[in-house]
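Below: the structure, in structure tokens.
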There are 2 protein chains.
Amino acid sequence: MVNQKYKEELSYELGELLKSAERIVPIKKGSYLFKEGQVAKEMYIILSGKVQISKINAEGNELSLRLCKHNDIVGELTLFTVDPRYIFNAKVIENGEAAAINIVDLEQAFFKNSQLAFEFLRWMNDHIRKTITKFRDLVLNGKKGALYSTIIRLCNSYGVLRENGIEISVPLTNQDLANFCGTARESVSRMLTELRKNHIISISKKIITVHDLEYLKKEIDCENCPIEYCNID
Amino acid sequence: MVNQKYKEELSYELGELLKSAERIVPIKKGSYLFKEGQVAKEMYIILSGKVQISKINAEGNELSLRLCKHNDIVGELTLFTVDPRYIFNAKVIENGEAAAINIVDLEQAFFKNSQLAFEFLRWMNDHIRKTITKFRDLVLNGKKGALYSTIIRLCNSYGVLRENGIEISVPLTNQDLANFCGTARESVSRMLTELRKNHIISISKKIITVHDLEYLKKEIDCENCPIEYCNID
DNA sequence: AACGTTTTGTGACAGAAATCACGTTAAATT
DNA sequence: AATTTAACGTGATTTCTGTCACAAAACGTT
């Protein structure tokens, strides 16, 4: 049974899920929780630290899909498959711990415990909704729309309110942002320069502070959808 | 209780789901099963006919997300939400019938019946995996990649083997294809012209026949993922 | 068959975005 | 502090994609 120290901080649903957890693994910056193609035996709940989910294509371009933190579930897409293999890379970008849940056990737990299955269904539903709205932004509004949408989502997931705006509390290089947008590093650099020039954002030590979130939202016809669907987790 | 005539054709999982169905509704070409923003009371299983799921943005551009047929589930994203509203449009493009499932009843059914919840979880998991791979193709390989990926998926969902190739058994205009790719109609027209010139495809009466699927797959570095994840449903 | 409507193909052009190149700045390491 | 490495900014150029315009073709209807 798993260490109890995180239990209180978890939502009820995750608490239920965590009862199935086998062990806690430490995660170290730079290492991978799992890599594409590996046989999948476990799904993870991030307890602390940060993990980036990404996919690398044949030309070597990396597409980042999620940036996960405390209470996020990763490796969930391997459930219910005949030959379970991870289809993405999970790179640790900040030290922490993750609870590992054996997927065979979990599938059985779902079967026995409809409360658990129900909560996971709810999570899955939110997750797919989030995924679709995220990609819609990437596809429909060009590269500028992709970047602005990414910044808005980062604010919703990692924003800390400061007197001069919202600070995104994760250091991100231009290349990191480019990977989230499916765009070139140089294009991101140019767009960020323009945003700075117009005092929409400012950047210091790879930390972005957004001074005018409304501007970004207006530019991409943001519908102000609920924050549960508009984040980068 | 629902009409029995379709039961035999359904997979086991859908059969289970269908037990919760309340009524069968006829669907007529040109009408909408539901529209974005409407209060959602029902989820549907398509029994026959075809339904296109799409989203229209502020500028009036339409992005098509799915093209659904027999045994596909639509309207599923409204489950488990506090103020359930449809977030997409479901336009009927071929006459048929759909089984309507009350979402409140269904949520209760999931809670009571873990078998049912389990099967639906499996479906959701496949669905999100499919969604991610689809959008990845749209984002990473440019507009040509988006079109080729869409054609490959259409083959997997609606392809009929002919002596000269795979016939996509749904009439599609260039605009329809453009909507699936998030691209301009004229761009699609040009790309299709080029594919025809190179004898990769041919088109007759809005029906595309693919003569060289391998060419399309090679161009977008297709990994030959399982057909369950590479379709347009 | 004649008509109106929708769809298609294509040229011309403009704007967006990727790529290449390279000097500068910032960060990490010794 | 000095040195190496990584990240950034930006001009120049090329490629890709969208937009506009319009004629031709296909389709549906009477």
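By convention in this document, chain letters (A, B, ...) are assigned in the order of the sequence lines, proteins followed by strands, and residues within each chain are numbered from 1. Keep in mind it's a predicted model, so treat the numbers as computed, not measured.
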Which nucleotides of nucleotides 13-23 of chain C have their base under 4.0 Å from a protein heavy atom (B), which only their sugar-phosphate (S), and which neither (-), written as one string 5' to 3'? ----SSBB---
Enter the distance from [X]:[atom1] to [Y]:[atom2] here, rounded to the nearest 0.5 Å.
| X | Y | atom1 | atom2 | value |
| --- | --- | --- | --- | --- |
| A/D212 | A/N198 | CG | CG | 10.0 Å |
| A/N141 | A/I220 | CG | CD1 | 6.5 Å |
| A/I132 | A/K130 | CD1 | NZ | 12.5 Å |

Does anything in residues 151-168 of chain A pair up under side-chain hydrogen bond (donor to acceptor under 3.5 Å, both in side chains), and if so which pairs, sequence neighbours excluded?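 Only A/D137-A/R153, A/S149-A/R153, A/S157-A/D233, A/R162-A/E167 qualify under side-chain hydrogen bond (donor to acceptor under 3.5 Å, both in side chains).
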Using chain B heavy atoms and a threshold of under 4.0 Å, write down where along DNA chain D the contacts begin and end, 5' to 3'.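 Reading along DNA chain D, I get D/dT17 to D/dC27.
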Any residue meeting salt bridge (charged side-chain N to carboxylate O under 4.0 Å, His left out) with A/E228, in chain and number order, not counting sequence neighbours: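 By the salt bridge (charged side-chain N to carboxylate O under 4.0 Å, His left out) rule, A/E228 matches no residue at all.
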Students often get this wrong, so: under 4.0 angstrom with heavy atoms, is A/S189 touching a base, only sugar-phosphate, or nothing?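 Base contact.
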The helix from C/dA1-D/dT30 to C/dT30-D/dA1: angle between end helix axes, five pairs per end, rounded to 10 degrees: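 If I round to tens, the end axes sit 50° apart.
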Please tell me which of A/K205 and B/T173 maps to the more 5' nucleotide of DNA chain C, matching each residue to the nucleotide holding its nearest heavy atom.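 Comparing both residues, the 5'-ward one is B/T173.
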Could you tell me the separation between the NZ atom of B/K197 and the C1' atom of C/dT8, rounded to a whole number of Å?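 One finds 14 Å between C1' of C/dT8 and NZ of B/K197, rounded.
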Can you list, in residue-number order, the parts of residues 145-155 of chain B that come under 4.0 Å of DNA chain D, counting heavy atoms only?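 Nothing qualifies; none.
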Hey, is [X] close enough to [Y] for a salt bridge, meaning N to O under 4.0 Å?
| X | Y | value |
| --- | --- | --- |
| A/E94 | A/K28 | no |
| A/E36 | A/K55 | yes |
| A/R129 | B/E76 | no |

Please indicate whether A/K143 has more than 12 foreign heavy atoms, meaning atoms of other residues, nucleotides or ligands, lying under 6.0 Å from its NZ.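 Yes, because the 6.0 Å sphere around NZ of A/K143 holds more than 12 heavy atoms from other groups.
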Evaluation steps, side-chain hydrogen bond (donor to acceptor under 3.5 Å, both in side chains), between A/K217 and A/N224: CA-CA 8 Å; A/K217 286 186 174 180; A/N224 277 301; 3.0 Å; yes
Heavy-atom side-chain proximity of B/L172 to B/L154 below 4.5 angstrom: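 Contact flag for B/L172/B/L154 side chains = yes.
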Can you see whether A/S48 engages A/E97 through a side-chain donor-acceptor pair at a distance of less than 3.5 angstrom?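 Judged by distance alone, the side chains do not pair up.
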Would you kindly check if the NZ (Lys) or CZ (Arg) of B/K35 is within the cone defined by 45 degrees around the ring axis of B/Y32 and under 6.0 Å from the six-membered ring centre?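 Positive - B/K35 is close enough to the ring of B/Y32 and near enough to its axis.
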